[in-house]
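Everything below concerns the one structure shown next.
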Amino acid sequence: MGDMVVQWIALVPHSKKVLGSIPVPVDGGGTFLCGVCMFSPCLHGFSLCTLSSSHHPKTCTDRLIVIVCLYVSFIFHPCRPPGGPGPAQLSPSLAAMSLQSSTPEALRVVNLLQERNLLPPTPIPAPMPCLPQDLQKVNCNPEVFRCTLTSIPQTQSLLNKAKMPLGLLLHPFKDLSQLPVVTSSTIVRCRSCRTYINPFVSFLDQRRWKCNLCYRVNDVPEEFMYNPVSRAYGEPHKRPEVQNATIEFIAPSEYMLRPPQPAVYLFVLDVSHNAVETGYLNVFCQSLLDNINALPGDSRTKVGFITFDSTIHFYNLQEGLSQPQMLIVSDIEDIFLPTPDSLLVNLNECKELVQDLLKNLPNLFQKTMETQSALGSALQAAFKLLSPTGGRMSVFQTQLPNLGVGALQSREDPNQRASAKDIQHLSPATDFYKKLALDCSGQQVAVDLFLLSAQYCDLASLGCISRYSAGSVYYYPSYHHQHNPAQVERFQKDLKRYLTRKIGFEAVMRIRCTKGLSIHTFHGNFFVRSTDLLSLPNVNPDAGFAVQMSIEENLDDMQVVSFQAALLYTSSKGERRIRVHTLCLPVVNSLSDIFAGADVQAITGLLACMAVDRSVTASLSDARDAMTNAAIDSLASYRQSVLTIQQPGLLAPACLRLFPLYILALLKQKAFRTGTSTRLDDRVFAMCQLKYQPLAYAMLMIHPALYRVDDLTDEGALNINERTIPQPRVLQLSVEKLNREGAFLMDTGMIMYLWVGRNCNPNFLTQVLGVPSYTAYLLPDLDTAESQRTRAFIGWLRDQRPFSPTLHIIKDESQLKSSFMQNMIEDRTEAALSYYEFLLHLQQQISK
Amino acid sequence: MILMTIIARVADGLPLAASIQEDEQSGRDLQQYQSQAKQLCRRLNAQSPDRCTLETGELNFHYLIAQGVCYLSLCEASFPKKMVFAYLEDLHNEFYDQYGRRVPSVTRPYSFIEFDTYIQKAKKTYIDSRARRNLGSINSELHDVQRIMVANIEEVLQRGEALSALDTKASNLTSTPRSTYAKVAAVAVFFITLIIYVRFWWL
């Protein structure tokens, strides 16, 4: 395993050596270093530009047409050519598509300096790839699988010229309302590259199909000829596998190394004096008691509890005991399990004992004076307990671990928080947590970390335990049961979702792509077991992943390329399943087509991941420069290579018009900002979130949405389940959009702020907030039209994401106003440029 | 000590339930035994003896076939045979009671994995040497345990392989070469006729 670790690390850093060898664009305009290439090795493919002329794509397609015609006339097949759309039909329709789309909206030239209102009034949809109708119809949902460039450049040199990052963003285990599930004894896969059969393969005839990733011709198995949906024989191209880009298979026994594991949940709780002081134990125990029947699992589900301060406490919950027994191990240097088989117990058989324990646990440590925390040893004990089966470990920690293995020291100097100097200590202080996480990963154990603390906890070190074991991190700064009711509410709601959401155990994910493309860097929480296999001891529906790609071989002969992500997991009911997503994208050979297909949100999301890596391996200022350069380079490249008429101003294609705004938003994001006082843990947590959150949620963190809510009307409202949901327009994040007469809702993903102006419409105060004083944290349920509208809108926003954000109602002079105002990205602060200044800066650099 | 228990359908070797073995505790790597067990399940058929002990080094496989379901367990060689078969018998009674009728229709592997809970409990009572009360019943029920066939696992697995190899060879013989031989013969006959005709055309 050691080798693997080294290999993984070797993939991440971006040696500056690469910089020297980046080919400078031919037209000589590239005075700035390529921001994108700074992140990724982009040597590949440059020597491949010259091509033998005998192999023109056109001759190739002609030949194919002949073959297809021959086939049709020879076999007397009913007029439909075999299978899905063959390559022969693709080229004319594709050509037509790209002709239509060369002028359209995406490439409309926008002068960013002149057009002020660029923000669309509604959330931005993902751009549609330029594919023929029949392929687009079955393509993967962009919420699950999307690419930064919806038109893939033909060569790496073309990609280098465009100066945009190429990568995929995935949300593979997203809760889906409808998912076709297939049970069959043989799963049809390509014999050489093991791709699962998908809608983008071509059927040469009834008996053979051609893989769309490696182009090998495979046989169609006999069983596949029968279509279970239509109950017809001889229609392999109508099978559900070939009709759905997202599908789930029930895996046969070849996909199991061992019998499917049961759902196993182990809770590791901090019970030191500090922890008792925050009062989180009550909330946790109550929440688990409430949801104990909703934990995903079957009759085999197991649970266990460990508590720790300076010693480790185990709980014997064996069936037949009249009450739980507490076993204390004080030898934290050499941890052992006091009794091997009654610490993890069957939940159904021992439910009463578990409930008994949960009721008593908060009182047990009420008077503890123990202030030390031996987290490292507790984690080792928990690992020992879980390693025979695998499962999920939920760790609740409230302070810096300061005893035994894995003890940490405070590294933060509060006086340096706001200094413009470079931020230190973003990388872990010890490799203990990473090593343990890798051990956990090997035994199919994932560690989720709940950090509830007012003090510095060194999340940069502690977070490794979740990062490499595919867990997740939840952070509740300054949690206190009395002083911080908003955090308590958020903790409660998060716990409910956490305990009851779907979960997959002992999972692996593999991402394949068409020959010629290669995946080189992964972002998210996992361990890379072999070059393209991600080991995920647990997978949850709120986890996102990103990968970077390069073009290794020219894609000249190809009209389309495909990407396939396959996630093999054991459900909480002990079923082994495979979820397969396939995305198909067109290949283009002109820069203007590449720009037309740019997906600005995906690019921003991927850049954020790359910048997080960069700030850990190099420095924060390096990462900030790289992000600015990414914007400069792509716009410069657009200006030089795509625009035919040179006009003054800062010009961008319409699809990239928000790019500078998003880059500025990233620079002002908690993770990357400088000059504003930011606690180190807050910053590191924001970085974790950017890497781990699915794109839709990460975008709200980067660029919050602002709405005016005191004048909601039913005009243009959505109607979902008989409820009318008003749709106010999204406002720019600038104080100029606020006014004292209004009330504004800002949605930052995890927190919502309702800012009520000083002279706010009294009608709003009485009808929606119920009282003239508005310090409450909840909107009252009033029976007025205005109140219903507001609540419907906020409820709708909340329903769109898994973790319910807390709502803060803030007055003009409230303390929270500063955190509300910090999100006003377009405005100038003492340490950062305003949006307009930033645009001027970009323009200056581009025209240099 | 019972290290592994697998319940499989005899007709196609589909695993129905199993108990996860605990590598940590026994300190053994059971991966190899697990693949042997899988192969064995696939080899068994209706003609196999319904009780058998298969030796594999220091561990023994014991299996019991009843009502089309195979109950297979891996034990240390020193573990009493009587006890194992009583344990397998017990599993059979409970399993048949709970799932017997659904066995022929399932297609998913480990469809009855929830039976694991019962397996673990049963295992505990049988390996507990203090639970002497079990022995009384075992003595009376299984007096004929001595007559259970003993074989070596390698032999059983190889025998199957040899048979299948023979089978493929035989089918190769019958199907492939026929056409080529026929063609060669036909061409030869044609040429001989031609030569004879050319040589003696004037006759």
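Residue numbers begin at 1 in each chain, while the letters A, B, ... track the order of the sequences. As a basis for the values below, the full set of heavy atoms in this structure was taken, side chains included, without hydrogen atoms, waters or symmetry mates.
- Across A:P260, A:P262, A:G574, the residue that shares the most heavy-atom pairs under 4.5 angstrom with chain B is A:P260.
- For B:C41, the side chain to side chain contact (heavy atoms under 4.5 Å, CB included) test picks out B:I6, B:A8, B:L72, with sequence neighbours left out.
- Residues of residues 104-117 of chain B that come closer than 4.5 Å to chain A, counting heavy atoms only, are B:T107, B:R108, B:P109, B:Y110, B:I113, B:E114, B:D116, B:T117, ordered by residue number.
- Residue B:K38 holds its NZ atom at 8.0 Å from CE of A:M256, rounded to the nearest 0.5 Å.
- Residue-environment remark: CZ (A:R194) exceeds the threshold of 12 foreign heavy atoms within 6.0 Å.
- Summarising the geometry, atom CD belonging to A:E319 is positioned 5.5 Å from atom NZ belonging to B:K121; distances are rounded to the nearest 0.5 Å.
- With a 4.5 Å cut-off on non-hydrogen atoms, A:T183 touches chain B through its side chain but not through its backbone.
- Summarising the local packing, CG of A:L257 is surrounded by 12 or fewer heavy atoms from other residues, nucleotides or ligands at distances under 6.0 Å.
- Counting heavy atoms of neighbouring residues, nucleotides and ligands inside a 6.0 Å radius, atom CD of A:E352 does not exceed 12 of them.
- Taking a 6.0 Å sphere around OH of A:Y233, one finds it holds more than 12 heavy atoms contributed by other residues, nucleotides or ligands.
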Working note: B:K124 + A:D341, criterion side chain to side chain contact (heavy atoms under 4.5 Å, CB included); need CA distance, chi angles, decisive distance, verdict.
CA-CA 11 Å; B:K124 224 173 254 173; A:D341 52 357; 4.0 Å; yes
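- Only the side chain of A:E349 comes within less than 4.5 Å of a heavy atom of chain B; its backbone N, CA, C and O stay farther away.
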